[in-house]
Amino acid sequence: MKKNFLNTFKTPFFYYIESYGCQMNISDTEIIISILSKNGFLLTNNLKKAHIILLNTCAIRKKAEQSIKNRLDNLRYLKSNNQKIPLFGILGCLSKSEKYSNLIDFSIGPNSYRRIPDIIRLVMMNDEKKIKSILLSENQNETYESISPSPSIKKITTFLSITRGCDNMCTFCIVPFTRGRERSSSPYSIIKECENLYEKGYKEVTLLGQNVDSYLWFGGGLKKQIKKIDNNNEKIIDFSKLLDLLASKIPFMRIRFSTSNPHDMSDKVIEVISKHSNICKHIHLPVQSGSNKILKLMNRKYTREKYLSLIQKIKSIIPECSISHDIITGFCNEEEEDHLETISLMNKVKYDYGYMFSYSPRPGTYAYKKLKDNVPENIKKRRLKEIIDLQRIHSIFRMKKYLGTIQEVLIEGKSKKNNQDWYGRNTQNIVVVFPKKLSKIGETVFVKIINCTSATLIGRIDD
Ligand code: SAM
C-alpha cells in the first residue's frame, strides 16, 4: 500500500525538515528521518525540490512560537492557491496548539511520529476521518526505543533520548502538556543503541530527558504507574545503575547527560560520574531562581539551601566538575529582593555557563491559569541583562582557570571562524579551538590552553 502510494509520483517523493528548540527536538528529528527513510521518502536540503516541508517545532516560550510563524510566512511563496504540493507539516510541541496558519496540511505531536508516513498518505487522499482517528489514538507510552536515529549529516557526537515526557509539573512549563507523562526506555535497548552508535564511529553520546535523573526502568509504562520503588529489587534500573552499566560496557565512548532536575539528582549518580573516566565531568543543573518564594511558586520541589548543598556535594566528590544552569527571570510575583537572591546564588556558585530567559506565560500551564504575569516587561528585561552580565563575569573567572593547563579534547569539526582550526570540547563541555596540525576529526588530543574568551578556550597542540 505504502509503495503504491509513493509510486504514483513520477519522481521520488522528497521531504525537507527543519528543527527548532531543544536538544530533544534535534534528536526527535533524527528519529523522524529514520522513520521516513525506512518508508521510501527521500531527504533533501533543497526546499524547492521538496514535496513535503516539515517543521519540528518548540513551544517552550512565546518567542519560539513566533519564529515558527515567521518561518511559515517566509515559506508561503512555495505554495500558490489550490496547489496540493508541497504539503506543510507541523511536528513537535507546537502541533498541539490551535491551528495558527492556513498553510498547514497536517500537525503531528511528539508521541505519534511512527504514523507520519500513514498521515502523509491519508492527507494526499483527503481522508480527514482516518487522520483524526490516528491522531486521537496517540500512544502515551511511546519511547521510540526500537528506532535508531539517522542524523542528516555525519557527526562524531550524538543525542539519545532515554526518558520522554515529564511528571514534575513546574508551574511555568508546557512540557507535560505537549510531551505527556514521564516514561523511560528499556536499559537493554539503550545499551544496544549506544553500542551500535560506537560501532558506527560515534565517540560521544548525550543521554537526553526533560528530567534525565528521574530515569526508572521497571518493565515499561508510565512512571506514575509504579506505586512504591523497591530499592533492593535488582530488576529495577535507576539512572545511576544505567550510567554505571553504560560506562562499563562502552568504555571508549564519552557519555554526557542532560537535563538534571536538582530535586532528582541522587548521591549515587554523583558517585558513578566520579567513578568512570568516560562519563563527562559536567552537570547542567537548572536552578530557575535563587529565591525560595519563587521556587515554591514554580513548584520546583527544592529550596535554595538544598540546591547549594547539592552543588557543594558535587564539588567535594568531583572537584573538576563544571556546572551550568538555566534561570528564568521575571516570574510571577518576583520582587527586587527575589532577583537579588538569584544574583547572590549566582555569586556563590559562579557557574561555568548558563542559559537565561525572561518568563514567558504559556497557555495551559498552572502559572498561566492561576498566577499573574505581573512583572513589567522593562523590569524583566533589566533583570535579565543583569544576570547575563554577571554570568559573563563568572564564565571568564572559570575560563581563566584553564590557562596554562593541558585539556583532553574530542575533535568535533572545523572552527566556524578559521578553516585552519579545529573545535572540540573537553570533559567539562567547554569549547576548545586550536590549529589542526596533523590531527583528525574524532580523535582525542591534548591541547595546551593559551588564551580564552568568556565562552571558548584557545589552545595549541605541542609536539
Ligand atoms: N526540564 C528541565 C528543567 O525544568 O529543569 C529543562 C527543560 S526546558 C526545555 C529548558 C529551559 O527553558 C528551562 O530550564 C527553563 O529555564 C526555560 N523555560 C521553560 N519554560 C519557560 C517559560 N515559560 N518561560 C521562560 N523560560 C522557560
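Remember, it's 1-based here, ligands and their atoms both numbered in the order they're listed. As a basis for the values below, the full set of heavy atoms in this structure was taken, side chains included, without hydrogen atoms, waters or symmetry mates. If you're wondering where the values come from, they're calculated on a predicted model, not measured in any experiment.
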Self-check item: Closest to atom 1 (N) of ligand 1 among His284, Met24, Gln210, Lys63 (heavy-atom distance)
Solution: Gln210

Exercise. Could you tell me which atoms of ligand 1, counted from 1 in the order shown, lie closer than 4.0 angstrom to a heavy atom of Ser358?
Key: 25 (C)

Quiz item: Are more than 12 heavy atoms from other residues, nucleotides or ligands located less than 6.0 Å from atom NZ of Lys401?
Solution: no

Self-check item: Residue that, paired with Thr143, satisfies side-chain contact (heavy atoms from CB on, under 4.5 Å) out of Ser161, Ser186, Ser184, Ser185
Solution: Ser185

Exercise. Could you establish whether Ile328 and ligand 1 come within less than 4.0 Å of each other, counting only heavy atoms on the residue side?
Key: yes

Self-check item: Any Arg300 heavy atom less than 4.0 Å to ligand 1
Solution: yes

Quiz item: Less than 3.5 Å between some nitrogen or oxygen of Thr259 and one of ligand 1, yes or no?
Solution: no

Quiz item: Quick one: does His339's side chain get under 4.5 Å of Glu386's, heavy atoms only?
Solution: yes

Practice problem: Go through ligand 1 atom by atom and flag the ones less than 4.0 Å from a non-hydrogen atom of Arg362. | Solution: 23 (N)

Practice problem: Using a strict cut-off of 4.0 Å, indicate which atoms of ligand 1 neighbour a heavy atom of Pro286. | Solution: 5 (O)

Practice problem: Return a yes/no value for Arg61: is any of its N or O atoms, backbone included, closer than 3.5 angstrom to an N or O of ligand 1? | Solution: yes

Self-check item: Subset of ligand 1 atoms that lie under 4.0 Å from at least one heavy atom of Ser360
Solution: 22 (C), 23 (N), 24 (N), 25 (C)

Practice problem: Please confirm whether Cys22 comes within less than 3.5 Å of ligand 1 when only nitrogen or oxygen atoms on both sides are compared. | Solution: no

Quiz prompt | Donor-acceptor side-chain pairing of Thr171 and Asn299 below 3.5 angstrom | solution = no

Quiz item: Quick check: are there more than 12 heavy atoms from other residues, nucleotides or ligands sitting under 6.0 Å from NZ of Lys315?
Solution: yes

Quiz item: Are Phe257 and Phe239 close enough that their ring centres sit under 6.0 Å apart?
Solution: yes

Exercise. Taking the six-membered ring for Trp and the full ring for Phe, Tyr or His, determine whether the centres of Tyr351 and His325 are under 6.0 Å apart.
Key: yes

Quiz item: For ligand 1, which atoms, with element, lie under 4.0 Å from some heavy atom of Ile60?
Solution: 8 (S), 9 (C), 19 (C), 20 (N), 21 (C), 22 (C), 23 (N)

Quiz item: Between Tyr355 and His284, does the ring centre distance come in under 6.0 Å?
Solution: yes

Self-check item: Per-atom contacts of ligand 1 with Gln288, taking only distances under 4.0 Å to non-hydrogen atoms
Solution: 4 (O), 5 (O), 13 (C), 14 (O), 15 (C), 16 (O)

Quiz item: Any idea which protein heavy atom is nearest atom 20 (N) of ligand 1, and the distance to it?
Solution: Phe172 CD1, 3.3 Å

Exercise. Looking only at distances, please establish whether an N/O atom of ligand 1 is found under 3.5 Å from an N/O atom of Tyr359.
Key: no

Quiz item: What protein heavy atom sits nearest atom 10 (C) of ligand 1, and how far away is it?
Solution: Asp326 OD2, 3.7 Å

Quiz item: Of Ile294, Thr329, Asp373, which is the lone residue that meets side-chain contact (heavy atoms from CB on, under 4.5 Å) with Tyr359?
Solution: Asp373

Quiz prompt | For Leu246, the option from Asn278, Ile279, Ile191, Val205 that meets side-chain contact (heavy atoms from CB on, under 4.5 Å) | solution = Ile191

Self-check item: Any N or O of Ser260 closer than 3.5 Å to N or O of ligand 1
Solution: no

